[in-house]
Novice: 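Submitted below is the structure of interest, expressed as structure tokens.
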Amino acid sequence: MKLTRRDLLAWTAGATAGALLTPVPWKILGDASIWTQNWPWIPQPARGPVEVQQSNCTLCPNGCGMRVRMAVGWAVGVSGSKNHPVTHGGLCPLGFAAHQLNWHPQRLRTVRHENAASSWSAAQTAFEKACSEGPVVFIDGYPERAASEVMQSFAKKHNGSYRVLPTPEVQALAAYETWSGVPAHSLGYDLENAQTIVSFGAPLLEGWGIPGRFTRLWAESAGVADPPVRLIQIEPSSSRTSARAWRWIKAPSDANGALAAGLARVLIEERLVAANGPLPATSLEETATRTGLSTDAIRDLAHTIAAKQPALVIANAQDPNIAALNVVLGAIGTHGGIIRRSKADKPYVRAGDLVGSARAVVIDASVPWAFVPETGAEVFRFAAWNDGFKKANWLLPAPGFLEELTDVPSAPTSAVETYAVATPLMKAPPEIQSLPQFLVGIDSELPPVGKLIEERCDELFRRHEGDLHTLAGKEATVAPVSFFDSVQKLKEQLWKGAVWTGALSHSNSLRCSLKEWPSSDAAQLAAEPSSRCGIPISPPLASKLHEESALFETPTGRQA
Amino acid sequence: MNARYGMVIDIDRCIGCGSCMIACSAENNVPSLPQATPRTGLTPILVRHVSNGSDGTARREVFFPILCMHCEHDTPCVHVCPQQAVEVDKATGIVMQMPQRCLGCRYCMTACPYHARYFNWWDPAWPAGMEKSLNPGVAVRMRGMVEKCNLCHARLHSAKEKAAADGKREIDPRDYIPACVEACPTGAIQFGNLADREDPVSQSAQSPEAFRLLARLGTEPKIYYKSKEAWVRELAESKSSQPAGVSHG
């Protein structure tokens with residue numbers, strides 16, 4: 001039989017058509033599609049059982065309750081803890097990617113001195129030398145922790161000083177500290193009981209205070225024509241808060257103090273509130289000129305504020321005029337006003353740009369990078385992430401997200417006292433040391449953080465006050481501390497992520513005596529440095545908000 | 001009875017914080033793409049910023065989280081896919097995207113009236129070590145294919161496994177909540193079974209304030225929105241491809 005070209009073509013066509021009727025080409029195609037999904041350079045997630053751990057965020061002083069999903073010893077997901085008594089499942093947007101921060105390209109893993117590799121022993125020698133030559137100033141961005149106590153003890157013992165960089169929320173409370181003698185850090189906002197909230201530029205829906213607290217309250221009345229909580233936003237330009245407020249008053253921010261004075265004048269003169277303060281010197285016409293609003297609009301705003309009490313005024317920064325408006329409204333130490341959260345009676349010395357004649361400045365990892373002291377002193381900066389060398393002589397690698405045992409005291413704006421513990425859920429890289437560990441290494445008489453936390457738990461047990469919110473599982477349980485028959489059981493729950501809360505106090509232990517209306521010059525105190533609560537460095541997934549969408553403008557400076 | 005999973009997003013409650021976008025990406029192992037632009041990014045849920053076009057204090061602004069609408073009827077992406085890489089799951093109503101089958105032709109992107117599909121332009125990459133933080137329940141997808149929201153299908157799998165381990169046929173609804181729903185700080189995104197008349201989400205979808213985007217196309221999206229503001233509801237039926245006041249957010 002002779003094979004012709006025509007036969008060959010017919011055979012090829014038949015073989016091709018026949019092959020398509022068999023599973024072989026389809027199987028090859030399917031397998032190829034799977035193989036091409038699994039190139040060696042494509043990262044593969046770790047395989048292993050996933051378990052959920054309850055914990056508390058330690059990245060900023062708000063201490064949000066979080067559920068951390070763990071696999072093979074690493075956190076693989078973070079979500080808010082719905083049962084948390086204060087944060088109610090709220091986390092800041094970047095907190096949802098906080099578990100990725102420990103592998104951030106800017107993670108600081110080794111000791112650096114003047115932009116060169118160094119060692120802990122060299123840092124210790126330099127620090128000991130500095131301590132022997134002059135005073136050392138400690139700067140803390142997250143006071144009230146056990147770690148803060150270690151810093152204070154060291155400073156006291158070695159002739160140093162301890163200073164705190166307040167958040168803007170705490171800084172805005174400074175006037176009440178002056179007038180009442182109660183430290184600003186022990187004051188809080190009783191947002192839950194206020195019915196009118198007047199915000200002078202405070203970014204209430206954009207990252208003010210505890211994530212999830214105000215947003216939850218606001219959401220309950222969102223879109224309602226006459227909401228149970230009225231949010232009045234006074235701001236010069238459109239923002240997320242002004243866009244979603246019940247009423248937006250467009251006024252320049254440098255006229256906030258004048259507007260507060262004008263509103264107070266109307267409230268007092270027209271007897272809209274029980275007169276609780278001196279009459280401002282600023283006339284209504286003067287206020288109208290400064291703010292660009294008509295006198296009728298100012299009068300109408302004052303009537304609106306007085307119509308639904310309790311009314312609470314919130315400032316974005318320290319401004320005694322705005323604080324005085326709260327005094328006029330009777331929102332001090334009362335239901336729905338500014339209240340005293342804790343019994344602390346000693347104010348902190350605030351960290352300013354100038355640190356005086358210090359020989360060395362030690363900055364804790366809780367202080368945001370934006371804070372740079374103007375000083376000729378040697379700067380030892382603890383940080384989990386490296387944001388540049390010009391800001392410190394020594395960069396000392398500190399534990400990252402959930403890599404150390406620490407405690408979580410009350411958040412700056414909270415109305416109730418809270419206490420929680422965050423245990424190390426992930427292994428820290430070698431060569432990592434926190435500031436308290438460093439100090440205990442130098443002075444072994446100082447108590448370690450773990451011991452102090454245990455002592456604080458013992459104290460909670462002795463006080464027999466408040467409740468413990470156990471958050472693990474789907475249902476939260478709340479038990480009074482007196483329910484626990486041993487301190488060990490209380491500690492066990494706290495170590496598992498439970499939160500202790502004190503009682504909400506309207507005991508009128510906060511009184512502000514305002515003899516005369518604050519002078520307009522006092523408003524200039526707002527220039528003091530402060531630290532906006534927030535995650536210390538953006539996780540790479542922040543690109544979803546900035547580069548991959550236009551939801552937020554790309555931040556200048558630090559990039560993930 | 002087959003479920004019909006869907007959402008009701010309360011526009012009046014959305015503050016445009018972006019928590020849903022971050023939580024979605026972390027849950028579904030979507031990489032960060034700093035080289036991307038809003039046109040080339042990978043955002044299975046994207047919050048868009050919309051205004052009523054007015055100026056001054058009369059200006060109203062809202063945020064629209066846009067994700068795959070999980071169209072029930074005549075699903076456009078299913079019709080055009082030459083690879084059968086897209087299908088509507090009969091048991092759940094979820095529009096599933098199978099990365100193994102996707103050729104990356106992008107017909108589905110063209111067909112989708114909601115622009116809720118994204119092409120994966122780059123190899124997925126994370127900084128060294130960060131792969132340890134990836135979700136073990138979700139495989140990382142290659143470049144050259146289309147991605148979209150699958151209502152956190154891995155969570156549905158986990159809920160089913162849990163129910164099976166407990167000897168139950170039905171999942172506990174509390175075990176299956178997509179990441180964006182869980183993350184929303186204002187509770188603007190509600191998730192549930194639209195086929196269950198007792199489900200609060202199903203009832204909310206029937207409220208007079210509820211609406212669907214481009215409902216006139218007849219694709220029966222399972223993502224509902226609701227708002228008390230009339231201009232927002234009118235915007236949803238806009239016949240213009242880029243109405244005034246809409247910014248790509």
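In the text below, chain A, chain B and the rest are named by the order of the sequence lines, each starting its count at 1.
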Novice: What option among B:Thr43, B:Thr37, B:Ile11 has the most heavy-atom pairs under 4.5 Å with chain A?
Specialist: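 Highest number of heavy-atom pairs under 4.5 Å: B:Thr37.
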Novice: Is A:Leu91 close to chain B through its backbone or its side chain, or both, or neither, when contacts mean heavy atoms under 4.5 Å?
Specialist: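 Just its backbone gets close to chain B.
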Novice: Does any backbone or side-chain atom of A:Ser238 lie under 4.5 Å from a heavy atom of chain B? Answer side chain, backbone, both or neither.
Specialist: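 The side chain, not the backbone.
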Novice: Tell me whether A:Ser199 contacts the main-chain N or O of A:Ala202 through its side chain, where contact means a donor paired with an acceptor under 3.5 Å.
Specialist: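 Yes, because the side chain of A:Ser199 sits within donor-acceptor range (under 3.5 Å) of the backbone of A:Ala202.
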Novice: Heavy-atom distances under 4.5 Å only: say whether B:Ala188 touches chain A with side chain, backbone, both or neither.
Specialist: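 Neither part; nothing is under 4.5 Å.
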Novice: Between A:Pro93, A:Ala46, A:Ser242, who has the most heavy-atom pairs with chain B when the cutoff is under 4.5 Å?
Specialist: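 Answer, by heavy-atom pair count under 4.5 Å with chain B: A:Pro93.
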Novice: Pick whichever of B:Val140, B:Thr186, B:Leu103, B:Asp12 has the most heavy-atom pairs under 4.5 Å with chain A.
Specialist: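 Ranked by contacts with chain A, first place is B:Asp12.
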Novice: Where do B:Pro178 and B:Arg155 come nearest, in terms of heavy atoms and distance?
Specialist: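 Looking at all heavy atoms of both residues, the closest pair is C-NH1, 3.9 Å.
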Novice: Taking every heavy-atom pair that is under 4.5 Å apart, which of A:Ser79, A:Ala71, A:Pro211, A:Gly212 has the most such pairs with chain B?
Specialist: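 The answer is A:Ser79.
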Novice: Any donor-acceptor pair under 3.5 Å linking the side chain of B:Arg212 with the backbone of B:Ala236?
Specialist: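 Checked: no pair found.
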Novice: Contact part of B:Lys132 toward chain A, heavy-atom cut-off under 4.5 Å: side chain, backbone, both or neither?
Specialist: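 It is both, since atoms from each part get that close.
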Novice: Do we get B:Arg233 above B:Tyr225's six-membered ring, with its NZ or CZ under 6.0 Å from the centre and within 45° of the axis?
Specialist: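 That pair does not qualify as a cation-pi contact.
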Novice: I want to check something: taking the side chain as every heavy atom from C-beta on, are B:Leu42 and A:Lys544 in contact at a cut-off of under 4.5 Å?
Specialist: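 SC-SC contact between B:Leu42 and A:Lys544 confirmed.
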Novice: Count the heavy-atom pairs under 4.5 Å between each of B:Cys102, B:Pro136, B:Cys14 and chain A, then report the option with the highest count.
Specialist: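 Most heavy-atom pairs under 4.5 Å with chain A: B:Pro136.
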Novice: Shorter than 4.5 Å, heavy atoms on both sides: which option in B:Val30, B:Leu33, B:Asn29 has the most such pairs with chain A?
Specialist: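 Between B:Val30, B:Leu33, B:Asn29, the count favours B:Leu33.
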Novice: Looking at chain A, which one of B:Glu27, B:Arg143, B:Glu229 has the largest number of heavy-atom pairs inside 4.5 Å, strictly under?
Specialist: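 Looking at each option in turn, the highest pair count goes to B:Glu27.
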Novice: Between B:Arg60 and chain A, with a heavy-atom cut-off of 4.5 Å, which part of the residue counts as in contact: side chain, backbone, both or neither?
Specialist: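 The side chain, not the backbone.
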Novice: Would you say A:Leu231 and A:Trp218 make side-chain contact, with heavy atoms under 4.5 Å?
Specialist: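 The answer is yes; the side chains approach within 4.5 Å.
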Novice: What residues form a side-chain hydrogen bond (donor to acceptor under 3.5 Å, both in side chains) with A:Glu51, not counting sequence neighbours?
Specialist: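 For A:Glu51 the side-chain hydrogen bond (donor to acceptor under 3.5 Å, both in side chains) partners, ignoring immediate neighbours, are A:Gln53.
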Novice: Below 4.5 Å from any heavy atom of chain A, which atoms of B:Gln100 appear? Answer side chain, backbone, both or neither.
Specialist: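 Both the backbone and the side chain of B:Gln100 come within 4.5 Å of chain A.
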Novice: Would the A:His84 and A:His88 ring centres measure less than 6.0 Å apart?
Specialist: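 Judged by ring-centre distance (under 6.0 Å), A:His84 and A:His88 do not meet the cut-off.
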Novice: Closest approach of A:Trp103 and B:Pro127, non-hydrogen atoms and distance?
Specialist: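 In this case the closest contact between A:Trp103 and B:Pro127 is O-CB, 3.6 Å.
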Novice: Would you mind telling me which of B:Glu131, B:Met145, B:Met130 has the largest number of heavy-atom pairs within less than 4.5 Å of chain A?
Specialist: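 Result: the option with the highest number of such pairs is B:Met130.
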Novice: Which region of A:Arg107, side chain (C-beta onward) or backbone (N, CA, C, O), has a non-hydrogen atom less than 4.5 Å from a non-hydrogen atom of chain B, or is it both or neither?
Specialist: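 Answer is neither: A:Arg107 stays 4.5 Å or more from chain B.
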Novice: Does any non-hydrogen side-chain atom of A:Thr110 lie less than 4.5 Å from one of A:Pro397?
Specialist: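 A:Pro397 vs A:Thr110: side chains apart.
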